[in-house]
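Here is the structure we will look at, set down as structure tokens.
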Amino acid sequence: KVESMYGVGSKFIVNIPLDIADEKSVTDKDLQRDVIPTGTLDSKTVKILIAEDHALNQVFVKKLMDILEITNIHIVDNGKEVVKAFNEGNFDIIIIDGHMPEMSGYDAIKLIREIEEKNKTPRIPIVAMTANAMMGERERFITLGADEYISKPVDRKTFIKIMSRWIKFGNLSSNPHNTSQNVVESLDKNLPVLETSVLDSFFADKSNHSAEVKELVDIFNEQTQLHLQKLSTLLIDGESKEWREISHLVKGGAAIIGARKLAGIAAISQKMENSNKIDRENVFKELQDAYKEVSLELNNLTNSKQEGTE
């Protein structure tokens, strides 16, 4: 369509029909490619800076590092702190989450690369780690300056495979046991309340891991209750970025523990940044019900494990 007026100018209007692409959740299997284990850094001496704001994820990462015999780690909980630690410390690798307060992982990665370029310093390996497993997320991190990408909840086998680019793990097993898949970004009524294989596979190398499981469960309960309490104050009409961020935390914690149903509902809740009070109340009730279900199953699980050690 052309609109023209003498002495004024012309306007050309072109309509191009395009299909709206659906968001697609991806797993580490979708991102897998051949990684040659060329690492030379000793797992017992390598210094790793970890940026993670979720308390449960922090415990999970610490347990993972302990299992992999990596003891020299430093954990911060926001982007500003990781940039500060990078400037002050002498780290070999950075593992960073994308969604954090103060400064996001995205901005922190970009800033670190700018600092390296300005100071003419060697490039530090950066591995992005996030629960936002969507098509294009890895490319976004790589474009900003990350070297690798791992989706959460972390698959130990995939983690070892990726980190072997820089770290020499020796004869450490990469754990052939199955681990959890990423939570589907939709409300699937058939999702299990609790996938117990998630915790069992994570501690597969330990004959007695009841204490570790109870620690993770206690933190999960404490954090989820706090997050649900916060969501109960955000049952409003209109935009709420805080609703989205809190829902993201619920989803991440649920995925770590294997609470597939709760994580699936939280994934829907996370997309309700712009919503109304009634819809938020409905999904909040589903979050509450799903948490009650998984809390009961987790309680039964920890009790059975403790009885098994007596």
Side-chain angles (χ1 to χ4, degrees), residues 27-54 57-77 79 81-98 100 105 108-109 112-113 115-116 121-131 133 137-138 141-142 144-180 182 198 201-206 209 212 256:
T27 68
D28 283 320
K29 288 184 178 179
D30 298 314
L31 303 172
Q32 277 181 3
R33 59 207 177 284
D34 291 334
V35 176
I36 301 175
T38 57
T40 57
L41 297 171
D42 190 332
S43 61
K44 293 180 174 61
T45 59
V46 63
K47 294 182 65 178
I48 301 181
L49 173 60
I50 301 171
E52 171 60 67
D53 66 311
H54 198 294
N57 287 341
Q58 288 181 0
V59 174
F60 189 88
V61 169
K62 287 178 183 178
K63 296 293 183 183
L64 177 60
M65 294 300 163
D66 179 56
I67 290 173
L68 300 181
E69 300 180 344
I70 298 175
T71 58
N72 202 347
I73 65 172
H74 178 61
I75 298 179
V76 296
D77 59 10
E81 288 298 320
V82 77
V83 174
K84 179 182 177 182
F86 164 73
N87 283 324
E88 297 175 350
N90 183 27
F91 296 96
D92 299 305
I93 300 173
I94 295 176
I95 299 175
I96 187 168
D97 183 29
M100 292 186 295
I109 292 172
I112 287 172
R113 294 308 185 208
I115 293 172
E116 289 174 334
T121 54
R123 180 186 176 99
I124 187 171
I126 298 179
V127 178
M129 188 166 65
T130 179
E137 189 71 1
R138 179 179 185 276
F141 275 115
I142 298 301
L144 289 170
D147 296 282
E148 282 291 356
Y149 169 94
I150 300 176
S151 61
K152 294 190 290 188
V154 178
D155 179 304
R156 179 155 42 128
K157 185 176 181 179
T158 301
F159 184 85
I160 294 174
K161 180 179 178 180
I162 294 298
M163 299 305 290
S164 66
R165 280 187 57 181
W166 303 282
I167 302 174
K168 185 177 181 180
F169 288 101
N171 296 321
L172 182 65
S173 167
S174 58
N175 185 20
H177 299 268
N178 291 328
T179 54
S180 67
N182 286 320
V198 173
S201 63
F202 183 71
F203 294 110
D205 294 341
K206 293 190 175 184
H209 53 265
E212 286 87 350
I256 286 290

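The minimum heavy-atom distance between Ala128 and Ala146, with the atom names listed, is CB-CB, 4.3 Å. Ile70 and Val46 make their closest contact through CG2-CG1, 4.0 Å (heavy atoms, listed as atom of the first residue, atom of the second, distance). Closest approach of Ser43 and Phe169 over heavy atoms only: CB-CD2, 4.3 Å. In terms of heavy atoms, Met163 sits closest to Ile95 at CE-CD1, 4.1 Å. Closest non-hydrogen pair, His54 versus Glu52, comes out as N-OE2, 2.9 Å.
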Practice prompt. Starting from the C-alpha separation in whole Å, work towards a yes-or-no answer on side-chain contact (heavy atoms from CB on, under 4.5 Å) for Asn87 and Val83.
Written response: CA-CA 6 Å; Asn87 283 324; Val83 174; 3.8 Å; yes
Practice prompt. Would you please test Asp77 and Gln58 for side-chain contact (heavy atoms from CB on, under 4.5 Å) and show each step?
Written response: CA-CA 9 Å; Asp77 59 10; Gln58 288 181 0; 3.8 Å; yes
Practice prompt. Please test Trp166 against Val127 for side-chain contact (heavy atoms from CB on, under 4.5 Å), starting from the C-alpha separation and ending with a verdict.
Written response: CA-CA 11 Å; Trp166 303 282; Val127 178; 3.7 Å; yes
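Annotation: the span from Ile48 atom CD1 to Ile93 atom CD1 amounts to 5.0 Å, rounded to 0.5 Å. With rounding to the nearest 0.5 angstrom, the CD1 atom of Ile96 is 10.0 Å from the CE atom of Met129. The CD1 atom of Ile126 sits 4.5 Å away from atom CD1 of Ile94, with the distance rounded to the nearest 0.5 Å. Distance CG/Asn57 to NZ/Lys62: 12.0 Å, rounded to 0.5 Å. If you take OG1 on Thr40 and CG on Asp92, they are separated by 9.5 Å, rounding to the nearest 0.5 Å. To the nearest 0.5 Å, the span separating CG on Asp42 from CD1 on Ile167 amounts to 9.5 Å.
The aromatic rings of His74 and Phe91 sit parallel, their planes meeting at an angle under 30°, below the 60° perpendicular limit.
The only option from Ile73, Asn72, Ile75 that meets the side-chain contact (heavy atoms from CB on, under 4.5 Å) definition with Met65 turns out to be Ile73.
Take Glu116 and apply the side-chain contact (heavy atoms from CB on, under 4.5 Å) test, not counting sequence neighbours, and it matches Phe86, Ile112, Arg113, Thr121, Arg123, Ile124.
Within a 6.0 Å radius of NZ in Lys47, other residues, nucleotides and ligands contribute more than 12 heavy atoms.
A donor-acceptor pair is defined here as one N or O able to donate and one able to accept, closer than 3.5 Å; no such pair exists between the side chain of Asp97 and the backbone of Ala51.
Contact of the Thr71 side chain with the Asp66 side chain is not registered, since no non-hydrogen atoms from C-beta on lie closer than 4.5 Å.
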